[in-house]
Amino acid sequence: MAKKNQLHVVWLRNDLRSYDNAALYYAATAANDNADSAVLAVYIATPKTWQQHQMAPRKQDLIRRRVLQMQTELARQNIALLALEAETYQDCSTILAGLAQAGMVTLYGQTEYELREQQRDKVITKQLQDDGITVNWYDRLCVMPPGSIVTQNGDTYKVFTPFKKTWLSRLYEQEIRCFPRPKATELIDAEPLAKQLGLSAIRAGDGSSADWPVAEQQVLDKLRNFCQQQVADYNEQRDFPALDGTSRLSAYLACGVLSAQQCVNRLQLEAGAALEQEKSGASVWLSELIWREFYKHILVAYPDLIKHKPFQADTAAIRWRDDKSMFKAWCEGKTGYPIVDAAMRQLNQTGWMHNRLRMITASFLVKDLQIDWRWGEQYFMSQLIDGEFAANNGGWQWAASTGTDAAPYFRIFNPVTQSERFDPDAEFIKKYIPELARLTDKEIHWPHRKTTPSGYWPAIVDHSEARKLTLELFSEVKKSDE
Ligand code: FAD
């Protein structure tokens, strides 16, 4: 293996893929253009920072597994990947400074939108540029990057529907470009460099994400199969947690094993004209991808969201209930409301929760227990394999009626009717709460009509009482605002 004097370094973060990776593509192209240069990919695990950000252990494991798998995949493309273990974001700047000393001429990476990540990248960019190194960031987290979908006055949209309309009109004006998988002319041996710089290799994970395959081709196949075989039924099936009606691609989108561009591209290819029919499965699925982008645009325009501020300032004054034991019961799925408890068990056992259930459980925490949405937001983050700040914050603030496009505060989900409607045969409940399986389909959604079945929990609150309390809490702040 050759030793090269100039390194084109790709710093992988939330773009753990080799197809449609602009940074990797441009770095390999530059390296291939110059016989004395090589491409080197780097990933730096930062578990201490991950912990500060409440990243779920399952998500951490998925990342570790994916990085190790990617090392093998990239080696087949003649690209070396240094998979490193550090602690915090500060360590990234030390490691990159070391690579600068070792011959890095250009750094390539994909932009991240969260505040601390932006601060980290700003510091690193300056540090490297001061040393004469070129830094190229690619804004590819969204199909339409933040700032590109704005109102006629140039403002950020605060409501989804007009955002989506503009987003779609832009989609039909242009072709979505996906970058091909790059290949280097020669594979360099990165080990001596790691030794010379005293770098540690990434640790293997704990295997808790083993149900999620990490080979890139398998993930691309999942996307293709979903678009070929399932998307047509998406609109009819997506709200029923007992069905396999959604793509379950969120974890891959969150770590960038898959890009949104690849999803839209594949959807356009497979769905054809159906994509333009308003209620087709394909167009409704596209809408969900647009929701993903909407929340990212909002985050970039309102970076204070990351400081735990509600989008609607008046709701900051709501006097949430400070009840740790109720919160614990919710986290553990012991509220006595079967659909809520089954959903929380799905989250705790698998690291993933169906979207309808995320809405029901979030609404229950905030509007039945009057507990601060930020507690729930953090708990979700600590468990979700697809945990992602913008979507999680957006989803929680939507449910709590504190966010953009929020559900009005007086619209409060009834967890029992939600259960009857979206899990009509109680198949989902029975899967996660087998102790209720002997009840009839009518009883199971509300098992307390006679006496609470043994082995199950009494209802933690009475929904209609709780509803009244919530309306009072909100009307206090809304009145004081007038
Ligand atoms: P599909 O229905 O197949 O949708 C395709 C993709 O679109 C998803 O993978 C996801 O990337 C995106 N998407 C779908 N719905 C939404 C939405 N409402 N908002 C933003 N993006 C969406 N999604 C996350 O990716 N990470 C989170 O941390 C997260 N937290 C949430 C918290 C709450 C309280 C709520 C109500 C929703 C949250 N969502 C989050 C959105 C949504 O629930 C998940 O994206 C979805 O359930 C993932 O399953 P899927 O991949 O099968 O989705």
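Note that ligands are numbered from 1 as they come in the structure, with each ligand's atoms numbered from 1 the same way.
Within the set W285, F226, F160, Y234, the minimum heavy-atom distance to atom 5 (C) of ligand 1 is found for W285. Of the candidates Q230, R358, M381, it is R358 that places a heavy atom closest to atom 44 (C) of ligand 1. In this comparison of T361, L253, D239, V231, the heavy atom closest to atom 11 (O) of ligand 1 sits on L253. In this structure, of W291, W352, F389, the residue bringing a heavy atom nearest to atom 17 (C) of ligand 1 is W291.
For the pair H354 and ligand 1, the shortest N or O to N or O distance does not fall below 3.5 Å.
Using a 4.0 Å heavy-atom cutoff, A254 is absent from the residues neighbouring ligand 1.
A donor and an acceptor atom, one from each side chain of W167 and E293, are located under 3.5 Å apart. With 3.5 Å as the limit, one finds a donor-acceptor pair spanning the side chains of Q110 and N14. In the model, S280 has a side-chain atom that pairs as donor or acceptor with a side-chain atom of S283 under 3.5 Å.
The protein non-hydrogen atom at the shortest distance from atom 50 (P) of ligand 1 is R248 N, 3.5 Å.
Considering CZ of F160 and NE2 of H297, their distance stands at 11.0 Å, rounded to 0.5 Å.
Between Y26 and F179, the ring planes are perpendicular. Angles over 60° get that label, and only those under 30° would be called parallel. A parallel orientation is assigned to the rings of H448 and Y456, their planes being inclined by less than 30° (bins at 30° and 60°).
With a 4.0 Å cut-off on non-hydrogen atoms, L384 touches ligand 1 through its side chain and not its backbone.
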